[in-house]
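Have a look at the structure below, then the notes.
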Amino acid sequence: MEEEKRKKVSDSLIEQVYQIRPEHLNGAGRLFGGRLMEWIDEAAGLVGIRHAQSNVITASVDNLKFIRGAYQNDLVVLIGKLTYVGNSSMEVRVDTYVESLDGIRKPINRAYVTVVAVDGNGKPMKVPGLISESESEKAEWEAGIKRREMRRQRKEEGF
Ligand SMILES: CC(C)(COP(=O)(O)OP(=O)(O)OC[C@H]1O[C@@H](n2cnc3c(N)ncnc32)[C@H](O)[C@@H]1OP(=O)(O)O)[C@@H](O)C(=O)NCCC(=O)NCCS
């Protein structure tokens with residue numbers, strides 16, 4: 001029997017950096033939240049594509065709390081990494097930071113995005129398993145199981 005294909009968290013980890021430009025700002029002169037949501041969604045999708053080596057669609061996004069603002073010329077850093085995989089779904093943690101010129105990063109947001117791998121007909125397809133190596137990766141996997149159950153419950157109860 002063919003051994004199940006499994007990949008490491010580091011195989012799909014990404015870091016995206018953007019410099020905030022005038023077109024990214026809202027009326028209050030800060031980074032527009034909708035733009036950041038797009039970047040978060042994009043980062044999660046890229047992690048999913050790398051892991052599954054297929055197209056992915058976003059099924060849900062958990063917890064979008066904006067802890068601090070970001071302003072023109074700031075660097076915004078997004079780090080996306082897999083925390084948990086199911087059959088066709090993948091949970092990606094995206095941490096967003098604002099980085100000053102001295103390299104100090106301050107958190108803006110942490111989101112857990114679930115993306116689903118789809119085949120050429122748009123149907124959910126199986127993804128490789130995940131190898132959690134470090135203690136923090138193992139803890140994220142365990143927490144991912146709980147978050148998945150909470151999402152399932154919310155879906156079932158419609159809230
Ligand atoms: C995501 C989607 C494919 C799930 O459809 P479904 O009929 O529930 O399909 P399934 O029951 O086979 O679920 C597929 C996987 O998605 C997961 N899933 C479904 N709804 C979910 C939700 N709200 N949050 C997180 N994961 C979800 C399931 O747990 C399952 O995971 P598994 O294969 O690892 O066990 C479907 O809801 C969809 O197409 N949504 C639109 C997605 C889209 O277009 N996104 C772009 C932005 S608008």
Side-chain angles (χ1 to χ4, degrees), residues 1-18 20-21 23-27 30-67 69-70 76-97 107-159:
M1 199 170 70
E2 198 192 327
E3 203 184 315
E4 192 208 357
K5 199 169 142 200
R6 293 169 78 215
K7 292 165 79 173
K8 295 179 186 172
V9 174
S10 56
D11 291 334
S12 55
L13 186 141
I14 63 154
E15 177 169 323
Q16 303 262 81
V17 184
Y18 300 89
I20 301 180
R21 300 191 189 290
E23 66 267 26
H24 302 141
L25 302 179
N26 63 18
R30 295 160 175 246
L31 173 63
F32 173 50
R35 178 69 70 162
L36 181 58
M37 289 189 244
E38 178 187 336
W39 290 344
I40 290 169
D41 189 33
E42 189 177 39
L46 290 171
V47 171
I49 288 169
R50 270 190 159 170
H51 183 77
Q53 297 179 285
S54 72
N55 282 324
V56 302
I57 54 178
T58 305
S60 68
V61 182
D62 285 353
N63 211 357
L64 279 173
K65 276 196 292 265
F66 300 107
I67 302 165
V76 172
V77 180
L78 291 96
I79 297 173
K81 61 175 175 182
L82 266 182
T83 48
Y84 175 83
V85 305
N87 187 44
S88 65
S89 66
M90 297 165 276
E91 186 191 64
V92 184
R93 171 173 149 180
V94 182
D95 286 295
T96 308
Y97 303 91
I108 296 181
N109 176 263
R110 173 176 298 167
Y112 289 93
V113 183
T114 305
V115 296
V116 175
V118 290
D119 63 18
N121 297 315
K123 296 271 172 260
M125 58 174 266
K126 183 147 182 56
V127 299
L130 186 66
I131 303 168
S132 304
E133 294 179 302
S134 66
E135 283 311 311
S136 68
E137 289 173 6
K138 287 176 187 157
E140 277 288 7
W141 175 274
E142 291 304 321
I145 294 173
K146 290 186 192 150
R147 286 188 295 267
R148 180 187 165 102
E149 177 52 26
M150 284 160 67
R151 271 181 224 114
R152 194 197 58 73
Q153 223 170 346
R154 281 207 307 266
K155 193 178 175 187
E156 205 174 279
E157 294 174 21
F159 72 92

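For clarity, every value in this text was computed on a predicted model and none was experimentally measured. Just follow the structure's listing: the first ligand is 1, and inside any ligand the first atom is 1.
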- Note on the structure: Lys155 heavy atoms within 4.0 Å reach ligand 1 at atoms 8 (O), 19 (C), 20 (N)
- Of the backbone atoms (N, CA, C, O) and the side-chain heavy atoms from C-beta on, which set of Val116 has a member under 4.0 Å from an atom of ligand 1: side chain, backbone, both, or neither? side chain
- CZ (Arg152) with more than 12 external heavy atoms under 6.0 Å: yes
- Message: Would you say atom 41 (C) of ligand 1 makes contact with the protein, given that contact here means a non-hydrogen protein atom less than 4.0 Å away?
- Response: no
- Atoms in ligand 1 flagged as close to Ile57, the criterion being non-hydrogen separation under 4.0 Å: 3 (C), 39 (O), 42 (C)
- Message: Can you tell me if Lys138 has over 12 outside heavy atoms packed within less than 6.0 Å of its NZ?
- Response: yes
- Return yes when atom CZ of Arg151 has more than 12 non-hydrogen atoms of other residues, nucleotides or ligands closer than 6.0 Å, and no otherwise. yes
- Query: Do ligand 1 and Arg148 have nitrogen or oxygen atoms that lie under 3.5 Å from each other?
  - Reply: yes
- Message: What I want to know is whether Thr114 and ligand 1 share at least one N or O pair that is separated by under 3.5 angstrom.
- Response: no
- Counting from 1 in the order shown, the ligand 1 atoms closer than 4.0 Å to a non-hydrogen atom of Ser60 are 24 (N), 25 (C)
- Give me the ring orientation class for Trp141 and Tyr84: parallel if the planes are under 30° apart, tilted from 30 to 60°, perpendicular past 60°. tilted
- Message: Within the 4.0 Å heavy-atom shell around Gly86, which atoms of ligand 1 are there?
- Response: 34 (O)
- Picking from Ile108, Ile79, Asn109, what satisfies side-chain contact (heavy atoms from CB on, under 4.5 Å) with Tyr97? Ile79
- Task: Pull out every atom of ligand 1 sitting under 4.0 Å from any heavy atom of Arg151, numbered as shown with elements.
- Result: 24 (N), 25 (C)
- Looking only at non-hydrogen atoms, which of Ser89, Ala117, Pro124 approaches atom 31 (O) of ligand 1 most closely? Ser89
